[in-house]
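Worksheet for the structure shown next.
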Number of protein chains: 2
Amino acid sequence: MLTQSEENYLKCIYHLSSKSNGAINTNAIADSLETKAASVTDMIQKLANKGLASYVKYKGVNLTNKGEKEALKVVRKHRLWEVFLVKELGFNWDKVHDIAEQLEHIKSTTLIDKLDKFLAYPKFDPHGDPIPDANGEIAPNPTTTLSILKPGDVCTVICAKDTSSDLLLFLDRINISLGTQLEVVDYLEFDGSYSVKVDNGNPITLSTKVAENIFIDKL
Amino acid sequence: MLTQSEENYLKCIYHLSSKSNGAINTNAIADSLETKAASVTDMIQKLANKGLASYVKYKGVNLTNKGEKEALKVVRKHRLWEVFLVKELGFNWDKVHDIAEQLEHIKSTTLIDKLDKFLAYPKFDPHGDPIPDANGEIAPNPTTTLSILKPGDVCTVICAKDTSSDLLLFLDRINISLGTQLEVVDYLEFDGSYSVKVDNGNPITLSTKVAENIFIDKL
DNA sequence: TATTATTTTTAGTCTTATCTAAATTTATAT
DNA sequence: ATATAAATTTAGATAAGACTAAAAATAATA
Ligand SMILES: [Mn+2]
Ligand SMILES: [Mn+2]
Ligand SMILES: [Mn+2]
Ligand SMILES: [Mn+2]
């Protein structure tokens, strides 16, 4: 049985792997988990010994099939609990990540399958991230961000990067949520900012950084 | 902040204290938590140092007000989660204890208060045990068991001791649940068994041990 | 290519929570 | 009252997971 710490590492490696290709660096994991590189090395070796990761000294780590399967179970739990917290308990979307970070470690397959059913088998979490099903099947992660759009382009918001409460509260403030329609009216080369109409309202300015954190479907 | 283990010990001492008066023995805690006496001594000393328990060497331990308050928070969480698992997710009452044993350690006061509201502020858990409110107020534990009744007595089932899945499944099988009306029709001195009508049906036999594990309201 | 800088690993320490075995205290029974 | 039994505590060991500091390997640069 996996410990809480092992689960956190597996999920972290899974996430990093889906953002880049090739092996994952020790330091990237350490940054992501806010721990030290030495601790990461220890854990990587442990995961490799358990057949959950393939690891070559100094070259980085990758999940094995077995490891990815376990990681997906944790992701599934995390995202289903997030749906529960927002849809059923009325939490705002910026408050649920930390709580789901704990709930994702509750051991019970029956529990999570019943929760899935209770929530009517949601396909996406409150931030727009896809939820793996009971077999570990998961829709592809969104890839296109607002930042690739040109003036005149119209899109729908489908996902926000869910780690930062700052970003989510900012989106709340400017009335952007999942499904919101955006139109890019201008791009300012000088600072990389975008002028964007939210639901055909008056244009507002979004920084590059914000634009890179909003996943969209281009229309 | 309390660790999971500290919370388990506090809850355990709280439960033992409510069943007996005076200080709680080291061995009683060890038995209840399925651990060793030496481990219990260590933890008791730790809890005493944190001001959560009062402890006299060789004489046993009691919770301080502060310790009891913390224990009640854990009990509240445990029982609210049990209600959720049974009422919302459709678990049978014999399956929820172990899962609640994990869920009770999730840290978030907001979460538990929202869950409480979501469940419409239940006063009792699926086993009939009282649920502490947000201020730590809790109804008295049931005290009267079926075993004190005499032939001719009629009662309502209000609570089952929730630790044993064996007992709960047995009660399911003989159609006893919370609220069920029972009538004692006979008591057999020889083996201490009771003959009982369940909802005015045909009498069935219950052992002393079962009778001692069913809390009732005498009518 | 040689030298420096960065990354990663190893070695050794710390904390929490266990355990076993031994010592000590308290309870029980002659 | 004394001896024995039971309960409890202490001492010392172990395992997981984290840390710091030092060593080793890899990458970047002159
Ligand atoms: Mn987590
Ligand atoms: Mn999310
Ligand atoms: Mn517990
Ligand atoms: Mn219960």
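Order of the sequence lines sets the chain letters (A, B, ...), proteins ahead of strands, with each chain counted from 1. The model shown is predicted, which means the values in this text are computed figures rather than measured ones.
Regarding contacts with the backbone of C:dT18, a side-chain N or O of B:S5 is found under 4.0 angstrom from either OP1 or OP2. The side chain of B:Y9 places no N or O atom within less than 4.0 Å of a non-bridging phosphate oxygen (OP1 or OP2) of C:dT16.
Atom CD of A:Q4 is separated from atom C1' of D:dA16 by 13 Å (rounded to the nearest Å). Atom P of nucleotide D:dA18 and atom CD of A:E6 are separated by 10 Å, given to the nearest angstrom. In this structure, the CG atom of B:N49 is 14 Å from the C1' atom of C:dT16, given to the nearest Å. In this entry the distance linking CG of B:L2 with C1' of C:dT16 reads 14 Å, nearest Å. Between the CE atom of B:M43 and the C1' atom of D:dT8 there is a distance of 17 Å, given to the nearest Å. The distance from atom NZ of B:K59 to atom P of D:dT9 is 11 Å, rounded to the nearest whole Å.
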Each nucleotide of nucleotides 10-15 of chain D classed B (base within 4.0 Å of a protein heavy atom), S (only sugar-phosphate) or -, in 5' to 3' order, makes B-----
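Checked by atom type, the side-chain pair A:D191/A:S193 shows a donor-acceptor distance below 3.5 Å.
The number of heavy atoms from other shown groups lying within 6.0 Å of NZ (B:K87) does not exceed 12. The environment of B:K107 atom NZ is dense: over 12 non-hydrogen atoms of other residues, nucleotides or ligands sit within 6.0 angstrom.
Residues passing the side chain to side chain donor-acceptor pair (under 3.5 Å) test with B:S5: none are found, sequence neighbours excluded. Residues satisfying the side chain to side chain donor-acceptor pair (under 3.5 Å) test with A:Q45, not counting sequence neighbours, are none. Residues passing the side chain to side chain donor-acceptor pair (under 3.5 Å) test with A:R76, sequence neighbours excluded: A:D113, A:D116.
Between A:K73 and A:E70 there is a salt bridge, with a side-chain nitrogen of the basic residue lying less than 4.0 Å from a carboxylate oxygen of the acidic one.
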Scan the side chains in residues 26-44 of chain A for donor-acceptor partners under 3.5 Å anywhere in the protein, sequence neighbours excluded, and list what turns up.
| residue | atom | partner | partner atom | Å |
| --- | --- | --- | --- | --- |
| A:T41 | OG1 | A:A37 | O | 3.2 |

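A heavy-atom distance below 4.0 Å to DNA chain C is reached by these residues of residues 19-35 of chain A, ordered by number: A:N25, A:T26, A:N27.
No donor-acceptor pair closer than 3.5 Å links the side chain of B:N135 to the backbone N or O of B:E137.
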